[in-house]
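Naming convention: chains lettered A, B, ... in sequence-line order (proteins, then strands); numbering from 1 in each chain.
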Number of protein chains: 2
Amino acid sequence: MNKPLPDLVPSLRALANPQRAQIMDWLLDPPAHFPPQRDGDLIQDGVCVGFITDKTGLTQPTVTSHMKILESAGLVSSKKIKNWVFYKADRGALDQIAQVFGQAASRR
Amino acid sequence: MNKPLPDLVPSLRALANPQRAQIMDWLLDPPAHFPPQRDGDLIQDGVCVGFITDKTGLTQPTVTSHMKILESAGLVSSKKIKNWVFYKADRGALDQIAQVFGQAASRR
DNA sequence: ATTCTATATCGGAATTGATCTATATAGAGA
DNA sequence: TCTCTATATAGATCAATTCCGATATAGAAT
């Protein structure tokens with residue numbers, strides 16, 4: 001046990017970018033930050049790329065790129081419904097990060 | 001309260017680099033990773049730049065630069081004794097990060 | 001005073017990151 | 001089938017990061 005900090009580097013790299021940190025934050029409470037969706041529930045399924053694009057003010061390709069980085073770090077998961085791709089925060093991943101920092105803080 | 005993830009960006013940027021994450025990890029248990037020091041206690045005062053330089057295999061200017069980044073992110077503190085500068089991990093900062101991730105994980 | 005030692009600063013090279021525009025693809029609906 | 005919509009990919013550009021060698025500085029020791 002007692003995972004070392006270097007294990008977190010991939011996740012931290014993903015969240016070290018302000019846009020991605022902001023997106024991640026929004027995804028933790030979608031109804032507070034995004035309008036309702038026609039196909040796909042904000043909480044159940046996640047938020048579609050288009051909404052995230054609008055909210056960030058970035059272009060769609062840039063947002064797609066950010067989302068892939070978050071996903072390959074295991075911080076979000078994606079689900080495709082019809083034409084849309086919905087991204088959902090993975091709270092378990094955040095909790096694991098919290099654990100590692102917690103035990104780092106109280107390590108001998 | 002409930003600090004948002006973007007607040008962590010400066011800290012995360014500092015720790016998103018493998019060398020800095022590794023150094024931070026070593027600093028959490030100096031006696032396990034560094035030889036005893038003549039002037040300055042490993043635990044009490046921290047670890048001198050020279051030891052960190054040797055252990056990383058990087059050059060001294062590069063390590064100095066990494067340490068300044070960690071310090072300005074509030075993750076380590078420094079103390080100068082004679083010719084040496086000793087760096088010590090700030091566990092409180094790590095704990096605060098753990099808190100933010102913890103409450104992010106259980107947010108809705 | 002001079003030299004030695006530890007760390008800091010400077011300037012530059014190579015790499016990686018963030019972002020855009022343009023275009024492709026895939027599925028839905030008419 | 002044709003078109004429309006949402007997302008993906010490609011390619012380019014500009015900025016930021018990482019790292020090094022050379023040199024400066026500051027304090028100790030001789």
Without decimals, in angstroms, what is the distance between [X] [atom1] and [N] [atom2]?
X       : N      : atom1 : atom2 : result
A:Phe51 : D:dT5  : CZ    : C1'   : 13 Å
B:Asp54 : C:dT5  : CG    : C1'   : 13 Å
B:Lys80 : D:dT25 : NZ    : P     : 13 Å
B:Asp45 : C:dT7  : CG    : C1'   : 17 Å
B:Phe86 : C:dT5  : CZ    : P     : 17 Å
A:Asp39 : C:dG27 : CG    : C1'   : 12 Å
B:Lys79 : C:dT7  : NZ    : C1'   : 17 Å
B:Trp84 : D:dA28 : CH2   : P     : 9 Å

Query - Joint cluster assignment, A:Phe101 & B:Leu8, ILVMFWY side-chain distance < 4.5 Å - result: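 Same hydrophobic cluster.
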Query - Flag if over 12 foreign heavy atoms under 6.0 Å of NZ, A:Lys3 - result: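 Atom NZ in A:Lys3 is not crowded, with 12 or fewer foreign heavy atoms closer than 6.0 Å.
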Report task. Go through A:Cys48 and A:Gln37 one step at a time and tell me if the side chain to side chain contact (heavy atoms under 4.5 Å, CB included) criterion holds. Result -> CA-CA 8 Å; A:Cys48 73; A:Gln37 291 169 156; 3.8 Å; yes
Query raised in the report: According to the interplanar angle, ranging from 0 to 90°, do the rings of B:Phe51 and B:Phe34 count as parallel (below 30°), tilted (30 to 60°) or perpendicular (above 60°)?
Result: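 Parallel, since the angle between the ring planes stays under 30°.
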Are any protein N/O atoms closer than 3.5 Å to N/O atoms in nucleotides 18-24 of chain C? If there are, list each pair with its distance.
from: C:dA18; atom 1: OP1; to: A:Asn17; atom 2: ND2; distance (Å): 2.8
from: C:dA18; atom 1: OP1; to: A:Arg20; atom 2: NH2; distance (Å): 3.3
from: C:dA18; atom 1: OP2; to: A:Arg20; atom 2: NH1; distance (Å): 3.2
from: C:dT19; atom 1: OP1; to: A:Gln19; atom 2: NE2; distance (Å): 3.3
from: C:dT19; atom 1: OP2; to: A:His66; atom 2: NE2; distance (Å): 2.5
from: C:dC20; atom 1: OP2; to: A:Thr59; atom 2: N; distance (Å): 3.1
from: C:dC20; atom 1: OP2; to: A:Thr59; atom 2: OG1; distance (Å): 3.0
from: C:dC20; atom 1: OP2; to: A:Thr62; atom 2: OG1; distance (Å): 2.9

Report task. Show your reasoning for whether side chain to side chain contact (heavy atoms under 4.5 Å, CB included) applies to A:Leu75 and A:Ile97. Result -> CA-CA 10 Å; A:Leu75 294 162; A:Ile97 295 173; 3.9 Å; yes
Query raised in the report: Quick one: is C:dT9 close enough that its OP1 or OP2 comes under 4.0 Å of any side-chain N or O from B:Lys68?
Result: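 Yes, because at least one side-chain N or O of B:Lys68 sits under 4.0 Å from OP1 or OP2 of C:dT9.
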Query raised in the report: Would you call A:His66 and A:Leu58 a side-chain contact if the rule is heavy atoms closer than 4.5 Å?
Result: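 Yes, their side chains come closer than 4.5 Å.
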Query raised in the report: So which one's nearest nucleotide on DNA chain C is more toward 5', B:Thr64 or B:Asn83?
Result: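 Result of the comparison: B:Asn83.
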